[in-house]
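Here the structure comes first, spelled out in C-alpha cells, and everything after it is commentary.
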Amino acid sequence: MTEPESRKKSYEPGAIEQKWYDFWLEKGLFKPEVNPSGKPYCIVIPPPNVTGQLHMGHALNATLQDVLVRWKRMKGHRALWIPGTDHAGIATQNVVERQIAKEKKDRHQLGREEFINRVWKWRSEYGGRIIHQLKKMGASCDWSRERFTLDEGLSLAVRTVFVKLYEEGLIYRSTRLINWCPRCLTALSDLEVEHEEEEGVLTYIRYPLAGGKGHLVVATTRPETMLGDTGVAVNPADERYSELIGRKIDLPLTCRQIPIVGDAAVEMEFGTGAVKVTPAHDFNDEEIAKRQNPALPSVTVIGADGKMTGQAGPRYAGLDRYECRRLVVEDLKKLGLIEKEEKYGHSIGHCYRCKTVIEPLATPQWYVKIEPLAREAIKAVREGRVRIIPEGWENSYFAWMENIRDWCISRQIWWGHRIPVWYCGCGQTVVSTETPMKCPLCGSTELKQDPDVLDTWFSSALWPFSTLGWPQMSEDMSSFYPTDALVTAFDILFFWVARMIMMGLKFMGDVPFRDVYIHALVRDEEGQKMSKSKGNVVDPLLIVDKYGADAFRFTLAAFAAQGRDIKFSEERVKGYRHFINKLWNAAKFISMNTEDRAVADGKHGVTDLPSRWILSRLAGAAQEINEALEQYRFNDAANRAYQFLWREFCDWYIELAKTGLENVEQAPGVRWSLLQALDGILRLLHPFMPFVTEEIWQTLPGTFREGESIMTAVYPSGLPQDAEAEEGMEAVIEAITGIRNIRGELNVQPGARVKVLINAWSEETVRTVLAHLPYIKRLAGAESIIVGKGLQAPQKAAVNVMSRLEVYVPVEGLVDVKAELERLGKELRKTEDELSFCMRKLMDQDFVSRAPGQVVAKEQAKSRELEGRKSNIEDSMNRLKSIFQEAENG
RNA sequence: GGGCGGAUAGCUCAAUUGGGAGAGCGCAGCCCUUACAAGGCUGAGGUCACAGGUUCGAUCCCUGUUCCGCCUACCA
C-alpha cells in the first residue's frame, strides 16, 4: 500500500498539477459562466508570438494575470481571461524560410500560395506549443475563446479597420524614405528599428570645386553613399562657406557635378561644417533636398538587397554596401582625396528581428496618419480613463505620443493580413473588405491585389475588441468591453498598448481597458537581459519541472514589484518551495489532529484566546492582501500571505494549539479554528499557488468547502477582527519571547526547564498571563511560573524588560554572572542612548511647541517607558553586582 | 542631446503621503521538541551614495555631484 498523498512528508508537484488542471478544464471552471450573475471582469492576454517558446517574461506576465483573474473569480466576478497568439509576420516567416532553406529552396521557388500553406502547416504543428506551456503555468484562460490574429474573424476586423481608416483619409500611400531591412527585404516602422551605439569611422573627403580651384571637405560615416550625393550643404550663416553657395562640386569617382547649397540645419561646429547630401539614403538629407528650390534630385545607389545599383557606376555596381565602402575609400585615397579618418562613436539602426543594419530606402508604402488618433489617446490617459500603473510610465507614454510620426504599416512579406487594396490596369484603386469582382470604373475583372501585408501590430492593436467578436456585435462585447486590466512589460508600451488605445477609442468609442499594469523585465542573476546569444536564458518550463509551478509563480509574484527589473535566480524558487512544503506540513498536522475527532460547529465554539487571535489575524491578513491586489502590489500581497502562514499561523498558532488540543473542553474549538485558518490561508494563497492549495483544500472536511473547487470558493475579505484577543495575545507572546531571549542568550540547554517569575505592569496582564500558563510553559520551556504585579525580584536572576511585563529567570548556578552582567550592560547602553535621544527632543522648546501634539505625546510616553526600563535594568545589575562582589570577596 | 529610474544589512530588495529603518537569503550559537532539518529557538549585522538647502525634525522634500541601468533623438 502506498502512502496517501496527504501524508507524504513533502509536497511533490508533478502529477498533482496535471490532475487538478485537467479537473478544472473538465468542470469548465475557466469560463466566465461559472459566475453568471457576477460583475464582468476581463483581461486579454498579450498574445505571444505563435513561433515563440515560453520565456521568463511570458511566465511573469501570465502569473500576474492569473493571480488577478483567479482572485476576481473567487470574489464572484464573471471573470474572463482571453488567450491567444499573434501571427508574428516577420518572425514566423523567417522561421519557415529557414526550414525550407534546409531543402535548398527559397520562398520564391515555392510561390506565394505554397509558401503560405507551409506556414499554416508549421503553425498547426508547433503553434500550440506556447499555449501548452501556458497551461503548465496554471493559467486559467478560457481556452474555448482562444483567438489567433489570422483567424477569419480577426482578419475581417483588420480589413474593416483598414477600409474605414482609408475612407477617412487616415490611411494613405506614399513613396519616401523608410527603414528597410536588406535581409528581411521589407519595410519596418520606426519602432522596429533598434538603435545601438557603435564604433565607426568619420571619413573626411575632399570634394574638388568645379573649375579646378580648391576643394570643400565633408565628413561622413558612410563614404559609399557619396556615389549618390546630389549636393553639398553648408550653413548660410557660415562665413567660411557662404560665398560658395551656388557653385558646383566635381563629385569624385563619378562624372557628375553637384551644387553647393545652403541649409540652416547644418551644424557649423560639427565636422567641417559642410555636409554631403544623399537624399536617397539618409533621412536628414532627404529633408534638406526637399527644402531646396528646385529640390535636389535623388540618386539611389544602394538597392533593396543592400548591394550597389547600376547608378553607382560600373566599378561599384553589384558590390555589397560594405565592400563598396572599402573600395570607395581606397579609390579616394589613391586620388589623394581623403583628408583624414577618425574614430567615431555613433548610433546605428538595426532590424529588431534579424539585427541587420537598416538601410533607408525610398519605396511606396502604406501609412497611418497617426496624429488625430494619438490626440484622443493622449486625452484618455490625461483624463484618467486609462490608468497606467506605475504612474511613472505615463511620462514615457506622453513623450512618445506627442512626437509620434506616421506609422508605416505595409510589409513586403507574405505571411500576414494581405492589404485589402486592388489595382486596375485603368489606374483605379479599389479598397474593400471583400475581394472585388470587377473594377467599378472600367468593369475590368483583371484586378491585382496589393502584394504587401500589414504590420502584425496593426492586427494586435485591435486585439481587445477583435477577440470579443468585433465587427460583429456579440454578447461578450457588451459584457466585457472595455476590458478591466492589461498586464504587460514596458517594452511594448508603444508598439502595442498605445496603438490599442488609439484603435479602441476610434472604433469602439471607448478605451480598450481601464488599467494598464506595467510589470518588470526578468533578467538573469547578474542583471543582464536574458538572450539566446548570451546563453543566459533560463527556461521557465525547466523551473516548473524542478520546483513546481506553484513555487515558481509565487517567486515571480513576490518579486514582481521591485522596480523595473527582476533578477531571477533559482535559489529563490528553492526558497519558496520550502514555503509550499511548510504549508503542506501544516496541513498534514491539522489533518492528523482533526480526523475522526470532534470539531466545533462554527466560531461560537471557539473560546480560547489563541484561536480567537489567529482568526483575527487571518481577518487582518485578508484585508491587507485584498488591498494590495487592488493596487497591483503583488509582492506585498504575496509577502503578507507568506508572513501570515509561516510566522503567525505555523510558528505561533500551531504551537499554541498543541496545548489547546490537550484541553478536552477547548479542543473542538481549536480544531475548528485550525481548519478555519487553514481554509482561509489556502483561499488567500490560491491565486498565487493554485495547485497545492487545491490539493489540500480538497482534503478539508466538507463543511469547509462550499463548492467543488477552491477556484470558486469565496475569497476571504471583510472578516471581523478581535482587538481584545490581539491585545491579550501580545502579553502571552511577550512572556514567551521574554523567557526565550534569556534562554537563548544565556545558552540554557533546550532540555532544561527553568523557573520563571513574571512581573506584569497591570492587573489585566496578570490575569491574561495566569490564564495561559500552560501555553507559556510549553513554548518557553518553563517548569514553574510565578505571576504578579509588583513582584519582588529574586536575588540572582536574569531579567528581560518588555513593554507589558518583565521576566525573571533565577539563574542559581546555571549561569555565568559576569556574562549576564555584560548582557545587561549592553541592554542598558542601548536604552540610555534611546532615552537621551528622546529627552533631547523633549527639552527642545522648538520641538515641543512646533511638532504636532500627538508626536510630542508619543515621545513623552516613550521616554516614560524607557525610564522605567532603564531603572529595571539598573536594579537587576545592582543585584547581580552584589552577588558578584560577594563571590569575589568570599 | 533630451528624458526616466536606481544607489538602504554580506547578497537581493521592501518601507501607504517627513517623527530614529524591515523582510528573505546568507552568517553565528544552541537544538533530530512525535507537521515540517526543505525544520525550531536565539543572536550579530545599517553615519539609508556624496555635498549643500528647507524644517523643531530629512532615508523620505529641493538643488548640485559621482556611479550604474533604461528609454528616446536626423549632429553628417
Side-chain angles (χ1 to χ4, degrees), chain A residues 7 9-11 195 202-203 218-222 225 233 265-267 269-278 282-288 344 346-347 360 390 392-393 395-396 399-400 403 490-491 493-494 521 523 525 527 529 558-559 561-567 569 571-572 574-593 627-628 631 633 635-636 639 642-643 647 650-651 654-655 658 736-737 740-751 778-781 833-834 837-838 841 844-852 854-856 858-859 862:
Chain A
R7 289 291 158 79
K9 204 168 176 184
S10 58
Y11 175 65
H195 293 273
L202 196 54
T203 307
V218 298
T220 180
T221 52
R222 304 196 56 192
T225 63
V266 178
E267 296 274 338
E269 287 75 29
F270 189 85
T272 59
V275 57
K276 58 194 270 319
V277 181
T278 324
D282 185 282
F283 293 103
N284 278 320
D285 294 0
E286 184 187 37
E287 295 297 315
I288 294 174
Y344 181 64
H346 63 316
S347 92
W393 290 107
N395 282 336
S396 312
W400 186 70
N403 298 298
F490 70 86
D491 53 349
L493 183 61
F494 309 141
L521 231 50
R523 297 170 178 278
E525 252 171 297
K529 207 165 170 174
F559 284 89
Q562 298 188 342
R564 294 189 178 189
D565 303 331
I566 294 178
K567 288 183 198 163
S569 105
E571 283 305 303
R572 302 190 176 171
K574 222 183 254 176
Y576 286 112
R577 184 181 57 173
H578 297 173
F579 175 64
I580 288 171
N581 197 45
K582 191 74 181 173
L583 172 63
W584 182 257
N585 280 292
K588 189 168 85 177
F589 170 82
I590 291 165
S591 136
M592 283 163 52
N593 283 282
E627 281 169 7
Q631 296 165 43
R633 291 185 284 113
N635 61 326
D636 285 344
N639 288 325
Y642 182 100
Q643 157 84 14
R647 306 272 85 99
C650 291
D651 288 351
I654 288 186
E655 293 308 321
K658 287 174 183 172
I736 294 168
T737 48
R740 280 177 174 172
N741 287 346
I742 293 174
R743 297 183 60 115
E745 294 195 6
L746 298 186
N747 264 331
V748 176
Q749 289 296 301
R778 180 176 189 138
L779 265 60
D833 283 353
E834 271 184 72
F837 182 76
C838 200
K841 269 184 170 176
D844 184 344
Q845 270 314 305
D846 286 331
F847 174 75
V848 178
S849 59
R850 294 192 191 211
Q854 38 168 335
V855 172
V856 178
K858 206 171 130 192
E859 288 300 319
K862 195 167 155 192

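Numbered from 1 within each chain, the chains take letters A, B, ... in sequence-line order.
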Q: Among B/C13, B/A38, B/A73, find the nucleotide with the atom closest to the side chain of A/His578.
A: B/A38
Q.
In whole Å, I'd like the distance from the OH atom of A/Tyr576 to the P atom of B/A38.
A. 19 Å
Q: Let me know, please, whether A/Asp282 or A/Glu859 comes out on the 5' side of the other along RNA chain B by nearest nucleotide.
A: A/Glu859
Q. Regarding A/Lys567 and A/Ser569, is there a side-chain donor-to-acceptor distance under 3.5 Å anywhere?
A. no
Q. Of the nucleotides B/G43, B/G24, B/G19, which has the atom closest to the A/Tyr642 side chain?
A. B/G24
Q: Mind checking A/Asn581 for me? I need base, sugar-phosphate or nothing, with any heavy atom below 4.0 Å counting as a touch.
A: base
Q: Tell me what A/Val266 touches on the nucleic acid: a base, only sugar-phosphate, or nothing, going by heavy atoms under 4.0 Å.
A: base
(Q) Using a 6.0 Å distance limit plus a 45 degree cone around the ring axis, check whether A/Lys582 lies over the aromatic ring of A/Tyr642. (A) no
Q | A/Phe494 side-chain proximity, nearest of B/G19, B/U72, B/C36 | A | B/U72
Q: Could you tell me whether A/Arg647 contacts a base, only the sugar-phosphate backbone, or nothing, with contacts defined as non-hydrogen atoms closer than 4.0 Å?
A: sugar-phosphate
Q | Phosphate OP1/OP2 of B/A14: any A/Asn635 side-chain N/O under 4.0 Å | A | no
**Q.** A/Ser10 side chain, from C-beta outward: closest of B/G43, B/A38, B/A73
**A.** B/A38
**Q.** Range-with-range stems of RNA chain B (Watson-Crick or G-U pairs under 3.5 Å, three or more in a row)
**A.** B:1-7 with B:66-72, B:10-13 with B:22-25, B:27-31 with B:39-43, B:49-53 with B:61-65
Q) Going by the angle between their ring planes, with limits at 30° and 60°, are A/Trp400 and A/Phe494 parallel, tilted or perpendicular? A) parallel
Q | Plane angle bin for A/Phe559 and A/Tyr576 - parallel if under 30°, tilted between 30 and 60°, otherwise perpendicular | A | perpendicular
Q: When you get a sec, tell me which of B/A76, B/G39, B/C36 is the closest nucleotide to the side chain of A/Thr221?
A: B/A76
Show the distances under 3.5 angstrom between N or O atoms of the protein and N or O atoms of nucleotides 29-35 of chain B.
from	atom 1	to	atom 2	distance (Å)
B/A35	OP1	A/Lys658	NZ	3.3
B/A35	O2'	A/Asn585	OD1	2.9
B/A35	N7	A/Lys658	NZ	3.4
B/A35	N6	A/Cys650	O	3.4
B/A35	N6	A/Glu655	OE2	3.1
B/A35	N3	A/Asn585	O	3.3
B/A35	N3	A/Ala586	N	3.3

Q: Kindly say if A/Lys567 contacts the phosphate of B/C13, meaning a side-chain N or O under 4.0 Å from OP1 or OP2.
A: yes
Q: Classify the nucleic acid contact of A/Phe283 as base, sugar-phosphate or nothing, counting any heavy atom under 4.0 Å across all strands shown.
A: nothing
